[in-house]
Structures are given as C-alpha cells and as structure tokens.
Amino acid sequence: MKQEYKLLTPGPLTTTATVKEAMLVDHCTWDDDYKRITQDIRAKLLEIAGASGQDYTSILMQGSGSFGVESVISSVLDSEDCLLILSNGAYGQRLGEIAAAHKLNFVLYEQAYNQQPDVHEVSDLLRVHPEISHIAMVHSETTTGMLNDLEPFAELCKEKDLYFIVDAMSSFGGIEIDVTGLDIDYLISSANKCLQGVPGFSFIIAKKSSLEVSRGKADTLSLDLHAQYDGMFDGKWRFTSPTHVVIAFEQALKEFEAEGGIPARHARYAGNMGILIENFKEIGLMSYLTEDNQGPFIATFHYPRDNFDFKDMYAFIKERGYAIYPGKLNNMDTFRIGVIGEIYPEDIKLLTAVMKEYFSK
Ligand SMILES: *Cc1c(COP(=O)(O)O)cnc(C)c1O
C-alpha cells in the first residue's frame, strides 16, 4: 500500500473507505439496475438543488467539472447570443477561455480577486452592451476561497430577462443555493467536490424551458447538452459512462443524506474553516480574504516570510499525513488549504500542530 495522506485540497478530496469500496464492482452500462442508479442520482441531485422535476432536470456529463461548464456554454449559446462573464478568479477566467474557444460573443468583466463583482458596474455594462443575453459567474471561486453573492446578479437577470449560468462546482451540496428562487437556468457542479464522490463526471441542473429554447445551438458532439439530456431519458448515458465513479457517487449521496444533507455538511465545513482561520492566525499565517468574503470551502494564506519554501513545507506536511495546495495568484505568494471532503476539526488541529512544528524547526 502506498503512503496515505488526507487531501486538504479543493477536490478531488478525501473520500470515505465505503465510497472507495463501492468501486470494486464492474457494471454493465445498459443493464436496468445500472440505469436505475443513474436515474436515482439524477432525482437526488434535483432534491439537493431544491428544484422540482416539473421545471428542472439534472443531466450527468462525463469528464471533470470543466467539461460540464463547457457543455453548457457551448450548447446553449450561439452567434446570436452574447455572454457576460463575471470573473474574480481563475475559474471566472476559464469561463472566458471556453467562450473564446467556441468563438462565442462575450464580454469579460474582471474584478480584483479579493473583491466581489460590483452590481452597479455590471448594470452599466448591460447598458453599454444591450446584446448581452446570458450572465455566467462562479459561486465559490476556488482560486481564493471567495464566496460570491449570487443574489444581486440573479436579480439583474430577472429584471433584464437574461439567462443565468452558475459554476457552483465547489459549493453545491456544501451550502444552500436557492436554485428556483434565484431563477438559475444552468447550475454546474461535479462528483468530486462537496458531495464527496470521486472524479469522473460533472452534472448540470438545468431549467427545462431554457433547455428547450436553446436547442440546435450546440457546436460539439460529445458535450452536446441537449443530446445528453435526450439520450439520458431512461438512465442510459449516450457514450461510455464512468461506471465505477457512478456507483461510488451513489454511495456518496447515501452518506451525504445520512450526515444530514446540506445543513450538516455546511456546518462541518464552516466549523473546519473557522478553526483553520483562527488557528493559523495564532501561528502568524494571515488569510488573503477578509472574513466577509471567505467561503467555508477553501482558504488562501500569505507566505509567512519572503524566503519561504512552499515545497519544503509541503513535503514536511505530507510526511505527516496531509497534502495541501499551492496558491493560484499571479502577483502574490500564497498557498491554499481546502477543508472539504472527509475532514474534521481534529484534522485541522493536527495540521496546525504540524505547521507549528515546521515553523519552529
Ligand atoms: C473544481 C472547479 C472547476 C472544475 O475544474 P476541473 O479541474 O475541471 O474539475 C470549475 N470551477 C470551480 C469553481 C472549481 O472549483
């Protein structure tokens, strides 16, 4: 057995032994039992989203989270449309990269990475660009740990009759998101974030009426969201599905429910985060975001000193059972700690002790 360590990363993350064990089965993809599992997963995801099956559907898509995001953007917009992207991190930038790759019309609104998008500035942009038809933004910006407030932009979309696309990759399942109330048209997340499955597919919570009016816009075959939706009507995936990942996700959803669903998971993550920020402050590690912007999933910390060797610290911590994450800021030396997955306050306390030991070397 290889050396094991827990992942203090934003996903893939540490899963339970039972989720991993669920993968020790080879499943046939056209088998009725397997199709039922897919259908159950789709129904449970809608439940977690608090969305009715009347108005919304959930669609599973092979690949990592970005495949799900690209599937939506490349399937529901065409040259008649224009996407306004709100970016305050690398995942917001990726939305722009996707739109560019598909040669779509888009406007990129860039905010500083430590600040929320400004609704007044965004309103002004809508005035300057009346061609904008869709707004896309990231909920939990994993680059920094910023939890973006969706509500002001959801309101703008309602007011201006725009479609609203939300990358909720690292937040869905870990915090309440009022999909129906915010009138989100497409929400994207993946198996390996707060729902604590293993990587291999993403999923889209989509408003059915919006899906219907965007038919015919897809510009790829494999990522065609409408074709995937149509093909999945009886639980059969269009192309080979990641069977082991699907079975593991079924188990992960059972454990999510047993824990107490979103409220319990949110409480555990938020508890972890509170302890992390406080403990780190005590040992002189300052977080990059202000408290009001900090989400409960991942946090960014400044290097404690200029000549700090992240790789050396990483190796020291890994030997003691934890993997941490490098920073993703271009202009500043930082590192990140994720608190999602099978991570508990004891882990954060242990990590703090290891860091203390490292700094006193
Ligand atoms: C994880 C994540 C993604 C998807 O990244 P992949 O590497 O494709 O899994 C997208 N957006 C956010 C905010 C994420 O945290």
Side-chain angles (χ1 to χ4, degrees), residues 7-15 59-74 83 85-102 108 110-111 113-114 116-117 135-150 153 164-175 177 184 186-205 220 222-223 225 242 245 248-249 252 265 269 273 288-289 293-300 323-329 334-341 343:
L7 299 169
L8 296 171
T9 64
L13 30 73
T14 301
T15 55
I59 305 161
L60 314 183
M61 182 61 74
Q62 293 93 332
S64 79
S66 301
F67 290 61
V69 178
E70 184 157 13
S71 168
V72 169
I73 291 179
S74 67
L83 179 64
I85 295 158
L86 314 186
S87 168
N88 58 351
Y91 291 95
Q93 294 300 112
R94 188 174 296 171
L95 297 172
E97 287 164 25
I98 292 172
H102 292 273
L108 183 63
E110 294 180 276
Q111 176 60 289
Y113 281 19
N114 60 354
Q116 301 263 334
I135 294 184
M137 70 183 289
V138 176
H139 187 209
S140 165
E141 193 25 283
T142 312
T143 311
T144 56
M146 165 90 70
L147 187 65
N148 285 320
D149 188 5
L150 299 175
F153 307 101
F164 194 28
I165 301 170
V166 178
D167 170 349
M169 208 67 67
S170 64
S171 55
F172 187 78
I175 193 165
I177 304 173
I184 296 172
Y186 306 96
L187 176 146
I188 307 112
S189 185
S190 82
N192 63 278
K193 301 267 168 123
C194 295
L195 293 173
Q196 300 191 180
V198 302
F201 70 88
S202 58
F203 55 86
I204 296 103
I205 310 290
T220 77
S222 323
L223 295 176
L225 186 65
V245 177
F249 194 63
R265 196 147 285 183
Y269 292 166
M273 184 55 77
Y288 168 71
L289 293 177
N293 284 326
Q294 177 65 58
F297 309 111
I298 185 165
T300 298
I324 64 169
Y325 225 53
K328 211 177 167 107
L329 302 182
T334 56
F335 67 92
R336 291 177 292 169
I337 307 284
V339 300
I340 59 180
I343 297 298

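Indexing begins at 1, ligand by ligand and atom by atom, following the structure's order.
- The ligand atoms of ligand 1 that sit less than 4.0 angstrom from a heavy atom of S170 are 15 (O).
- Heavy-atom proximity to atom 7 (O) of ligand 1, evaluated over R94, M169, E70, H139, is greatest for R94.
- Heavy-atom minimum distance, I188 versus G65: CG2-O, 4.2 Å.
- There is no side-chain donor-acceptor pair under 3.5 Å between E141 and N148.
- Of all the atoms in ligand 1, the ones that sit under 4.0 Å from a non-hydrogen atom of S140 are 13 (C).
- Considering all non-hydrogen atoms of both residues, S171 and H139 come closest at OG-ND1, 2.7 Å.
- The distance criterion of under 3.5 Å between nitrogen or oxygen atoms is met by G65 with respect to ligand 1.
- When heavy-atom distances to ligand 1 are checked against a 4.0 Å cut-off, E141 has no atom that comes that close, whether in backbone or side chain.
- Short contacts between ligand 1 and S64, defined as distances under 4.0 Å to a heavy atom of the residue, involve ligand atoms 6 (P), 8 (O), 9 (O).
- Residues satisfying the salt bridge (charged side-chain N to carboxylate O under 4.0 Å, His left out) criterion with R265, sequence neighbours excluded, are E259.
- Contact atoms of ligand 1 toward V138: 13 (C) (distance under 4.0 Å to a heavy atom of the residue).
- A centroid separation of 6.0 Å or more is found between the aromatic rings of F164 and Y186.
- Of all atoms in ligand 1, listed by their number and element, those nearer than 4.0 Å to a heavy atom of T142 are 12 (C), 13 (C), 14 (C), 15 (O).
- Counting heavy atoms under 4.0 Å from ligand 1, residue K193 touches it through the side chain alone.
- Aromatic ring pairs are classed by plane angle as parallel below 30°, tilted from 30° to 60° and perpendicular above 60°; the pair Y269 and F297 is perpendicular.
- Looking at heavy atoms from C-beta onward, P296 lies out of side-chain contact with V339 at the 4.5 angstrom threshold.
- Within the listing of ligand 1, atoms 4 (C), 5 (O), 6 (P), 8 (O) sit less than 4.0 angstrom from a heavy atom of S66.
- Proximity of the aromatic rings of F249 and F201 is defined here by a centroid distance below 6.0 angstrom, and this criterion is met.
- What sits closest to atom 11 (N) of ligand 1 on the protein, heavy atoms only, is D167 OD2, 2.6 Å.
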